[in-house]
Amino acid sequence: MSEINVQRRQFLKMSMGVAAVSIAPGIFLFDMAHGKADANKVRWGMLIETANCAEGCNDCVTACNTENGLSGGVSSTDSQWIRKIEIKDISTGRETSLPMMCQHCEHPPCVDVCPTGASFKRADGIVLVDKHLCIGCRYCMMACPYKARSFVHEPLQNQNPDVPRGRGTVESCTMCVHRIDQGQQPACAVACPNKSILFGNLNDPDSEIATRIRTVASAQVRADLGLNPGVRYQGL
Amino acid sequence: MLRLLSILAVLCLCIPAYATESSAIPKLDIGKGGECVKEPQWMRKNHMHLLTHQRDEVVHKGVRDDKISLKNCIECHASTKDDSVIARDDSFCVACHRYEAVKLDCFECHSGERKSAWLKRNSK
Amino acid sequence: MLTSVAALIVLAGLYSVHMMEEHGHIITGMNNQIVWGIPHVFAIFMIVAASGVLNVSSIGSVFNKPAYKARAPLAGLLSLAMLAGGLTVLMLDLGRPDRIIVAATNYNLTSVFAWNVLLYSAMFAAVVVYLWTMMEARMQPWSKHAGFVVFIWRFALTTGTGVIFSFLVARQAYGSAILPPMFIVISFAWGLAVFHIVQSAIYQWNGKMLDEYVQKRMKNLLGVFVVAALYFVVVYHLTNLYFARQVEFERFILADGGIYPLLFWAGYVVLGNLLPLLLIYLPGWGKTQHVAVASAMVILGGFAFLYVFIIGGQAFPLSIFPGFEVKSSFGDGVIGLYSPSLPEVLLGFGGVGIAFLITAVGIRVLNFVPREIPKKTL
């Protein structure tokens, strides 16, 4: 390649850069936040049948704590990846119990705001924190509408070799990614005594979860935000 | 000020003495050891690149190459006495990193314990 | 003497950083509901004021007012100092401050924080160049251009700070497009208040008197900025009050929320706005010392405002299930509790100490003290 060509190329690159920075934020934001992910074969998701979810039953939470090595403490500085929420419709009085965790959004706000790209979405739709990149700014915790994330406030010891976690970084439900990669189901789905948590591939039309959400009414929490969470609730 | 300078001078003199004294490879507990990825000298020089590469593959793409995973390293190199690569001053990772004065930044999050041992202890 | 006190405060701040490194954020009052605390109040105040204080130089160089031109270098120095102080606090509060290099090498282009990293560093560079053009005789012809760049850039910077909050859909206190302009106007008021205090301190120590004409102009400007800032805050709350879904939140922040309404009304509205305005505009008042007191009040009011905005805004529970009563083990549906701990307060003051040290040393070493241009040329 001639030298002029190289120079020209560099000039072009540079002006592209300058242009990008100046017109910028808006366009980038639109493109990346509302990503052009190609039609993926796999999108992991869950369908939670709230009618079977018993009030006071905490088995999914306990299973999660054991699997991921969480202390199980419930102070405001303890990590909780999944929690049981009891909700009561103010106008009708109807009560429901359900588990709440990272909803693994298609357009996750935590990923948009993360300055280093530590918050990211895997190709199969699982939203994770790369703790090697996380600097602990907690902006993702500000941005998450589901309060799904926890910050590790203290130094930890004796972590599960499969689930590294450590002080000063943010963490949340990984959908038990270490189990999924080995072809197993998430710990909470396995532990639920009433089989209320159905885990599967939303993008495979023949999967049980895809069939179910096609035939029964289910809803996403805060669907108005347009984040398209991968976790859906039945009977909400 | 003068005192500071003299301390510095003494320190400067100490370094060569110290360097010759401990120029031998640090003594470390290599656990079961063996050669499963590459020969030891290559590994001493390049293990961090392998680990960094592997970590990005695993975390972002879910490509889990068991052979060069940190867990697999620990499986063989954890001490046969305490099942750890970091528990003591002469543990596999600690001894060398201390000798080279390189910060070991893995084990604030990762377990330094052999997984089989962890499982045994935590399944009780 | 004051400098050594400041140095001690900085040391205390660094010590608390060390403690936070050692023990984790457990020793702060921050938790999983209130993830940003006192350090962020200090940092954001200083960053916002750092941008606002440059108003003084902009009026000089962009709008060509000689009285302000003489003050432009001091404003530039103050801006650098507060930017440095604020950013230090922000950085040292990170969960992993040792990984700051990661933030510098991995940019997520959709992140407002990543934009701000660029905005802040470019601001720093622009102000340094601007100071250079003002203080080096050969560079004088460029001063106006540099001043203009700084003028534009600080709008971008404060917008960026406001956008940190206005792009948050999750929490009811934020996610409003009025926040960036509000922060810009607020920055004018806070920046000028800081400038007033520093200026009167310098004049006091040097036994000089501030020119009456300049003094009058600058105090009136402060008054205008304070009123304008208050206007934006009022509009922000009025908008929220009009939306039924936001009424609960407003009730919390303006009436029922304990410390937050108290700080808002007594701290921000009365101490930070009404009293300073009286001091500035009441006939017979508005002298140098009144304005200095008024400025101090504006600053305190600013801290009160940010405390309510940042911490109060997070204390109000997220609306995950609108229209439902919610309870859980993770603080859903309950007001978050926060009590600032000593280390984080020290960290915040450490940042102020850094800003003070930079200013004090700068004034000592270089020619930053405003030199009055004889009155007839005004």
Side-chain angles (χ1 to χ4, degrees), chain A residues 40-44 65-72 79 111 114 116-136 151-171 174-184 187, chain B residues 31-32 47-79 82-88 91-94 97 102-124:
Chain A
N40 288 314
K41 275 207 255 79
V42 182
R43 183 174 182 213
W44 297 119
N65 290 342
T66 315
E67 178 66 36
N68 297 299
L70 307 182
S71 71
S79 289
V111 174
C114 177
T116 64
S119 268
F120 69 101
K121 191 176 63 154
R122 263 179 29 150
D124 56 8
I126 302 178
V127 175
L128 293 174
V129 181
D130 183 345
K131 282 155 198 153
H132 306 104
L133 297 179
C134 178
I135 53 174
F151 180 66
V152 184
H153 286 78
E154 287 171 284
L156 300 176
Q157 265 114 37
N158 189 28
Q159 292 94 326
N160 179 344
D162 285 324
V163 188
R165 13 185 330 250
R167 176 194 64 89
T169 57
V170 174
E171 56 183 16
T174 64
M175 236 185 215
C176 285
V177 67
H178 58 287
R179 293 172 61 94
I180 292 179
D181 284 350
Q182 288 163 357
Q184 294 171 302
Chain B
K32 279 187 240 161
H47 66 281
M48 62 301 261
H49 304 304
L50 279 185
L51 286 172
T52 316
H53 174 74
Q54 167 69 5
R55 117 194 164 185
D56 292 339
E57 292 286 305
V58 170
V59 178
H60 290 266
K61 299 186 197 147
V63 182
R64 292 172 193 262
D65 181 343
D66 286 338
K67 194 166 148 200
I68 55 169
S69 74
L70 181 63
K71 248 182 326 199
N72 200 37
C73 299
I74 294 169
E75 199 61 40
C76 289
H77 281 297
S79 163
D82 55 18
D83 294 316
S84 169
V85 288
I86 49 166
R88 301 188 317 267
S91 292
F92 186 67
C93 297
V94 175
H97 272 259
V102 175
K103 190 185 168 197
L104 193 50
D105 199 19
C106 301
F107 299 105
E108 237 178 285
C109 294
H110 286 277
S111 163
E113 197 179 358
R114 184 176 280 136
K115 188 181 169 188
S116 43
W118 188 89
L119 280 177
K120 209 154 95 195
R121 192 156 46 80
N122 280 274
S123 58
K124 271 179 222 158

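The chains referred to below are lettered A, B, ... by the order of the sequence lines, with proteins before strands, and numbering in each begins at 1.
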Query - Heavy-atom side-chain contact between Asp162(A) and Lys71(B) under 4.5 Å - result: yes

Report summary line: Rounded to the nearest 0.5 angstrom, the NZ-NE2 distance for Lys131(A) and His110(B) is 9.0 Å

**Report entry** residues 63-70 of chain B: residues contacting chain A (heavy atom under 4.5 Å, by number)
**Finding:** Arg64(B)

Query - Spatial distance of atom NE2 (His132(A)) from atom OG1 (Thr52(B)) [nearest 0.5 Å] - result: 8.5 Å

Query raised in the report: What residue in Cys106(B), Gly62(B), Cys109(B), Ser111(B) has the most heavy-atom pairs under 4.5 Å with chain A?
Result: Cys109(B)

Report task. Kindly write out the residues that satisfy side-chain contact (heavy atoms from CB on, under 4.5 Å) with Ser71(A), not counting sequence neighbours, or none if the list is empty. Result -> Asp78(A)

**Report entry** Residues of residues 174-184 of chain A within contact distance of chain B, non-hydrogen under 4.5 Å
**Finding:** Val177(A), His178(A), Asp181(A)

Query raised in the report: Could you name the residues of residues 151-159 of chain A that have a heavy atom within less than 4.5 Å of a heavy atom in chain B?
Result: Leu156(A), Asn158(A), Gln159(A)

Report task. Taking all non-hydrogen atoms of both residues into account, name the closest pair between Val58(B) and Arg122(A) and its distance. Result -> O-NH1, 4.3 Å

Report task. Give a yes or no on whether Lys61(B) atom NZ has more than 12 heavy-atom contacts from other residues, nucleotides or ligands under 6.0 Å away. Result -> no

Query raised in the report: Looking at Val59(B) and Leu128(A), what are the two nearest heavy atoms and their distance?
Result: O-CD1, 3.9 Å

